[in-house]
Number of protein chains: 2
Amino acid sequence: MALRHAILAALLDEELSGYQLAKAFDTGVANFWHALPQQLYAELAKLEKEGLISGREVVQDTRPNKRLFQVTDAGLAELDRFAADTAKPSFIRDDLLVKVQAADHVDTGALIAQLTERAAFAEAKIRLFDALAQKMRGDLGEEEFLRDGERIGPYLTCMRGLDFERGNRDWCRRAVAVLRERQAAHAQQ
Amino acid sequence: MALRHAILAALLDEELSGYQLAKAFDTGVANFWHALPQQLYAELAKLEKEGLISGREVVQDTRPNKRLFQVTDAGLAELDRFAADTAKPSFIRDDLLVKVQAADHVDTGALIAQLTERAAFAEAKIRLFDALAQKMRGDLGEEEFLRDGERIGPYLTCMRGLDFERGNRDWCRRAVAVLRERQAAHAQQ
DNA sequence: GGCGACATGTAAGGCGTTACATGATTGC
DNA sequence: GCAATCATGTAACGCCTTACATGTCGCC
């Protein structure tokens, strides 16, 4: 049940509406969790009902009104309790890896196309995370920021996201190169 | 619905029983997917019913009998169809990242303990994957194997697993170092 | 006799995905 | 007028997790 804790963690920095949260969790700014809008609206309702967050209506002239949520003391306590719990190990679960596992038995062309697309996707995320990290540390160097900065949690998770996507990109490119070379060798026979 | 395809991919190399599959999917040899025994037994039953795998009873003297499964032609076709489908992007979803995101608001000691444990877990997986990769490529060098080897799919996924766990380990160690230094600085105030 | 490995499941409940639904405002 | 963005949901289905259940064999 980490979704609720992910939401609480996301609301630590600023008040957000469901819609704003959804954008953050969907478009990859969520370097530490992923969720769809529907999940978020449902969980926000639950969290408010349980008193872990509190919402306030914000009336807007030009746009539909919205509700901004912030973490309550009870929410902070719950987050602390969660952090002290033993964490489960995390596992990779990726369609693309399954396909590559079967690479010797399936259509190579389709695989190459998907690996290429994934590499581009990873590259886009890298740029995003890079910009985000730079924005967070401001004028400070990384070492300096991590020593003296106020809020380093998001920076650390951003670094993990960056490295993960770099790994993704590089692996995809390598796999494409390998598959292409084998394709060429096969054609020559 | 990638579990079934993960099973098919795992059965490409050798006939396996549900129990053997479960070990592979559970203990981390599964570098491309993760699943619990219950899921596997249920999915194996479905797959057999649908004709994508076929099982044969193996009578054993010293141990309980078991059923070994292999992929049918229909199973291979299904796997090929799956591989041609556009893949969804994969996301990190990790309790530990949520906790680190909230690092500035929760107990640092508990976090350090969990990061240390995770680093050790990752290190163990690295050794496992390393040994597996070495076994797969045999006497050949990596470049040579990837060019001429018979079955490179599992090797490529193993490489991704290796890199992922290295990233995990290094990030955990870095985070621990950062948190420790800040703890020390805080104590001096 | 008990523990650990082998071997295979059922059942309940929670979490995530897909599809559907509604309505206002800004910009082309 | 139409599409995109803002803003918030409901419903159905399926996958994943947790707990429970059963039985054999080898070893200490």
Side-chain angles (χ1 to χ4, degrees), chain A residues 1-8 15-27 30 32-50 53 55-69 82 85-95 98, chain B residues 1-8 15-27 30 32-50 53 55-69 82 85-95 98:
Chain A
M1 221 202 297
L3 170 58
R4 60 188 319 136
H5 303 106
I7 292 176
L8 291 172
E15 281 187 312
L16 290 173
S17 69
Y19 187 79
Q20 290 171 305
L21 254 186
K23 268 204 307 185
F25 271 74
D26 192 43
T27 61
F32 64 103
W33 200 263
H34 165 78
L36 297 170
Q38 301 92 310
Q39 277 179 278
L40 296 173
Y41 283 114
E43 196 64 37
L44 282 171
K46 267 209 239 170
L47 284 169
E48 190 179 23
K49 198 175 161 190
E50 294 173 32
I53 60 175
R56 62 184 183 91
E57 189 84 14
V58 173
V59 180
Q60 299 183 119
D61 287 345
T62 84
R63 294 173 189 176
N65 297 344
K66 62 180 174 183
R67 304 198 66 217
L68 292 182
F69 294 96
F82 170 71
D85 257 33
T86 61
K88 308 162 214 171
S90 78
F91 298 101
I92 287 188
R93 219 172 236 168
D94 188 340
D95 278 20
V98 174
Chain B
M1 216 201 298
L3 170 60
R4 60 190 319 142
H5 303 105
I7 292 176
L8 291 172
E15 281 187 312
L16 291 173
S17 68
Y19 187 80
Q20 291 171 303
L21 256 185
K23 269 203 308 186
F25 272 73
D26 191 45
T27 60
F32 65 104
W33 199 262
H34 164 78
L36 298 169
Q38 301 92 309
Q39 279 179 278
L40 295 173
Y41 283 114
E43 196 64 37
L44 282 171
K46 267 209 238 171
L47 284 169
E48 191 179 21
K49 197 174 161 191
E50 294 172 31
I53 61 174
R56 61 183 183 92
E57 188 84 13
V58 174
V59 181
Q60 297 183 117
D61 288 345
T62 85
R63 294 173 190 179
N65 297 345
K66 62 181 173 181
R67 305 199 65 219
L68 292 182
F69 294 96
F82 169 71
D85 257 32
T86 61
K88 309 163 214 171
S90 78
F91 299 101
I92 287 189
R93 220 173 236 166
D94 187 341
D95 278 19
V98 174

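Quick note: numbers below take in every heavy atom, side chains included, and nothing from hydrogens, waters or symmetry partners. Because the structure is a prediction, the values reported are computed rather than measured. Here is the naming used below: chain letters follow the sequence lines, and residue numbers restart at 1 for every chain.
Atom NZ in K46(B) sits roughly 13 Å away from atom P in dT10(C) (whole-Å rounding). Whole-Å rounding puts the D26(B) CG to dA7(C) C1' distance at 15 Å. In this entry the distance linking CD of Q39(B) with P of dA12(C) reads 18 Å, nearest Å. Straight-line distance from the CG atom of L68(B) to the P atom of dA7(C): 9 Å, rounded to whole Å. Rounding to whole angstrom units, NE2 of residue H5(A) and C1' of dC15(C) are separated by 14 Å. For the pair H34(B) NE2 and dC16(D) P, the computed distance is 10 Å after rounding to whole Å. We find that CZ of R93(A) is positioned 13 Å from C1' of dG14(D), with the value rounded to whole Å. Rounded to an integer number of Å, the gap from L47(B) CG to dC15(D) P is 11 Å.
Phosphate contact (OP1/OP2 of dT8(D), side-chain N/O of Y41(A), threshold under 4.0 Å): present. Residue Y19(B) places none of its side-chain N or O atoms closer than 4.0 Å to OP1 or OP2 of dT8(C).
Nearer the 5' end of DNA chain C, as judged by each residue's closest nucleotide, is the contact made by S17(B), out of S17(B) and R63(A). Both N65(A) and Q38(A) lie close to DNA chain D; mapped to their nearest nucleotides by heavy-atom distance, the more 5′-ward contact belongs to N65(A). Along DNA chain C, the nucleotide closest to E43(A) and the one closest to K88(B) are compared, and the more 5′ of them pairs with E43(A).
Atoms CD1 and CG, on I7(A) and L44(A) in that order, are 5.0 Å from each other to the nearest 0.5 Å. The CE atom of M1(B) sits 10.5 Å away from the CG atom of D85(B) when rounded to the nearest 0.5 Å.
No donor-acceptor pair under 3.5 Å is formed between the side chain of R67(B) and the backbone N or O of G18(B). Not a single donor-acceptor pair under 3.5 Å links the side chain of R4(B) to the backbone N or O of E43(B). Under a 3.5 Å cut-off, the side chain of Y19(B) and the backbone N or O of P37(B) do not form any donor-acceptor pair.
You'll find that the side chain of L3(B) is closest to dC16(D), out of dC16(D), dT8(D), dT18(D). The nucleotide whose nearest atom lies closest to any side-chain atom of T62(A) is, among dC6(D), dT8(C), dT26(C), dT26(C). For Q60(A), counting side-chain heavy atoms from C-beta on, the closest listed nucleotide (dA7(D), dT8(D), dA7(C)) is dA7(D).
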